[in-house]
Amino acid sequence: MADKYRAEYALLVDKLAARGVDVDKVKSRLKAQKIETPSWGFADSGTRFGPYKQPGSAVTIEEKIADAAQVNKFTGVAPTVAVHVLWDFPNGLEDADKLAAYAESLGVKIGAINPNVFQDRDYFFGSVTNEDPAVRKKAVAHMIDSVEIGKKLGSDILSLWFADGTDYPGQGDFRRRKHYAQEALKEVYNAMPANMRMVIEYKPFEPAFYHTDFGDWGMSYSFATKCGPNAHVLVDLGHHFIGQNIEHLVSFLIDEERLGGFHFNNHKYADDDLTVGSINPYELFLIYNELVKAEDKPNNNPPIAYMVDQAHVTKAKIDAMIQTIMHIQTAYAKAMCIDRKKLYDAQIGQDVVTAESCMQEAFNTDIEPLLKVVREEMGLDPNPLEAFRASGYWAKVSKERGIRTGAGVGA
Ligand code: PSV
Ligand code: MN
């Protein structure tokens with residue numbers, strides 16, 4: 001088997017060399033890209049019809065970290081775990097040192113800190129845009145507490161998402177709400193240490209359906225630039241209307257030096273939290289094409305945080321997260337296989353068919369042998385999903401943990 005993919009790899013190297021691709025560079029970039037998994041992706045999740053419980057879903061932050069550590073162990077590129085403050089530290093964070101040490105003992109670290117200003121009943125009519133100054137103050141205080149948690153856990157990303165919005169015309173005043181939001185963000189921004197970055201997510205719908213206060217990337221961009229140089233835009237792939245050209249806005253934000261990071265997932269209809277690249281792998285490839293170009297010709301865009309935001313309902317959680325990482329690596333690798341010279345010449349020569357063919361040629365490349373070689377060189381099993389399944393970890397924890405309450409959304 002190993003001989004087979006090594007033979008295929010040798011053929012692939014020749015094919016890529018003919019396209020002017022530096023294969024060693026492709027390999028070292030694949031080894032260097034780190035992808036953050038979300039603590040909530042290991043807990044139970046659900047739909048508006050209720051939570052769907054699986055035996056083995058993590059309940060405590062320790063269990064979530066242990067599961068995330070498995071993803072890192074088998075993929076080698078997922079060394080950090082994003083946390084959601086309310087879900088992971090429901091009683092506040094007393095023992096930060098212990099938690100950080102526990103994570104490190106499993107080979108991972110705490111990544112982005114996600115405050116939660118959407119679940120409490122007080123936020124029913126908004127958090128930072130609420131007409132009640134006491135509620136706005138409470139939201140700001142929670143975000144500043146989250147900055148403190150980040151400092152204690154050694155995290156340098158504060159990841160903000162707001163459920164603020166209205167359901168009916170007349171319910172709120174857009175501009176007044178905008179000013180409330182800006183004021184709150186600035187206060188939180190000022191509380192951050194110099195090494196911390198704020199990433200501001202947007203979403204055009206849900207839970208509010210008439211308008212949302214952070215409705216699209218342009219609004220997040222505007223809020224971020226008004227805060228200062230350490231505030232950037234977070235692009236969650238599920239947070240767009242159908243038909244939105246995400247790769248275009250990604251490239252625009254890079255050019256504006258404000259692309260802070262991603263929440264990877266795939267949507268079919270709305271914010272479905274499906275596995276990234278599962279339904280539209282070509283879109284993910286096109287997004288990576290913009291990222292690869294930015295790596296080839298860097299400007300002052302900040303380092304991009306590659307984070308997953310998926311909470312699977314029907315898939316086994318760790319399997320799904322490993323599959324996610326593999327989809328991302330495939331898209332990244334393929335985007336590095338484009339014949340850049342041919343593409344450039346076709347663009348300049350206004351040869352639309354050749355230009356598009358360059359994209360198709362790269363997307364249709366079987367990149368698996370290269371990914372396997374990269375994993376082997378990293379000391380990993382070339383088939384991470386099969387290796388994890390064979391390890392017996394999931395059989396063991398699902399038996400030990402069983403189905404429990406408290407394991408996530410609605411529980
Ligand atoms: C909201 O839909 C979101 O995308 C935000 O990133 C939240 O933090 C996350 O999902 C979990 O609810
Ligand atoms: Mn998100």
Side-chain angles (χ1 to χ4, degrees), residues 35-48 51-52 57-58 61 64 68 80-90 110-120 123 126-128 139 142-143 146 149-150 155 157-165 188 197-209 212-217 219-220 223-224 232-241 244 246 249-250 259-276 287 304-313 317 320-321 324 328 407-411:
I35 300 152
E36 182 161 306
T37 59
S39 66
W40 57 98
F42 302 100
D44 277 323
S45 63
T47 68
R48 64 172 71 207
Y52 291 84
S57 296
I61 182 62
K64 294 171 192 171
T80 57
V81 191
V83 291
H84 230 293
V85 172
L86 185 72
W87 301 334
D88 294 333
F89 315 118
I110 304 298
I113 310 291
N114 290 252
N116 185 316
V117 287
F118 49 86
Q119 221 165 321
D120 194 295
Y123 302 129
S127 63
V128 290
H142 175 69
M143 287 187 276
S146 302
I149 288 178
S155 164
I157 294 195
L158 184 73
S159 187
L160 303 180
W161 175 68
F162 302 94
D164 293 48
V188 177
R197 316 197 280 127
M198 171 188 278
V199 287
I200 306 173
E201 199 170 342
Y202 54 89
K203 185 173 182 179
F205 54 86
E206 201 202 22
F209 289 107
T212 57
D213 292 286
F214 298 75
D216 67 19
W217 65 274
M219 295 182 202
S220 287
F223 284 126
H232 312 128
V233 179
L234 172 59
V235 178
D236 181 313
L237 301 190
H239 294 188
H240 303 93
F241 292 121
Q244 171 79 51
I246 302 177
L249 71 88
V250 162
L259 179 67
F262 286 95
H263 270 180
F264 283 130
N265 51 51
N266 200 147
H267 76 154
K268 172 74 178 154
Y269 298 104
D271 188 24
D272 309 325
D273 272 351
L274 302 175
T275 308
V276 68
I287 292 168
I304 297 168
Y306 296 102
M307 302 177 280
V308 175
D309 183 4
Q310 295 169 181
H312 292 98
V313 174
K317 315 249 170 222
M321 212 55 86
T324 297
I328 293 170
V409 180

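The first residue in the sequence is number 1, and the count goes up from there. Atoms within a ligand are numbered from 1 in the order they appear, just like the ligands themselves.
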Quiz prompt | Metal site the Mn ion (ligand 2): N/O/S of Asp271 inside 2.8 Å | solution = no

Quiz prompt | For the Mn ion (ligand 2), the closest N/O/S atom belonging to Glu201 | solution = OE2

Quiz item: So which protein heavy atom does atom 7 (C) of ligand 1 come closest to, and at what separation?
Solution: His84 NE2, 3.8 Å

Self-check item: For atom 10 (O) of ligand 1, the protein heavy atom that lies nearest, with its residue and separation
Solution: Asp309 OD2, 3.0 Å

Practice problem: Look at the aromatic rings of Phe118 and Trp87 and report parallel, tilted or perpendicular, splitting at 30° and 60°. | Solution: perpendicular

Practice problem: Could you list the atoms of ligand 1 found under 4.0 angstrom from a heavy atom of Trp161? | Solution: 1 (C), 5 (C), 7 (C)

Quiz prompt | Donor-acceptor contact present, side-chain Glu201 to main-chain Asp236, <3.5 Å | solution = no

Quiz item: Where on Trp87 is there a heavy atom closer than 4.0 Å to ligand 1, on the side chain, on the backbone, on both, or on neither?
Solution: side chain

Quiz item: Considering only heavy atoms, does His263 approach ligand 1 within less than 4.0 Å through its side chain, its backbone, both, or neither?
Solution: side chain

Self-check item: For Ser146 against Leu158, the heavy-atom pair lying closest together
Solution: CB-CD1, 3.9 Å

Self-check item: For the Mn ion (ligand 2), the closest N/O/S atom belonging to Asp236
Solution: OD2

Quiz item: Short N/O distance, under 3.5 Å, between Glu201 and ligand 1?
Solution: yes

Exercise. With the Mn ion (ligand 2) at the centre, find the angle made by OD2 from Asp309 and ND1 from His263, to 10°.
Key: 90°

Quiz item: Would Phe241 and His267 count as a close aromatic pair, with their ring centres under 6.0 Å?
Solution: no

Quiz prompt | Minimum heavy-atom distance between Leu237 and Ile246, given as atom pair plus value | solution = O-CD1, 3.7 Å

Quiz item: In ligand 1, which numbered atoms sit nearer than 4.0 Å to a non-hydrogen atom of Asp236?
Solution: 4 (O)

Exercise. Could you tell me whether Asp271 approaches ligand 1 through its side chain, its backbone, both or neither, with non-hydrogen atoms closer than 4.0 Å?
Key: side chain

Quiz item: At the 4.0 Å heavy-atom cut-off, does His239 count as touching ligand 1?
Solution: yes

Self-check item: Non-hydrogen atoms of Met307 and Leu234 that approach each other most closely
Solution: CE-CD1, 3.7 Å

Quiz item: When you measure from the side chain of Asp88 to the backbone N and O of Val83, does any donor-acceptor pair fall under 3.5 Å?
Solution: no

Exercise. Would you please indicate yes or no on a ring centroid separation below 6.0 angstrom for His142 and Phe162?
Key: no

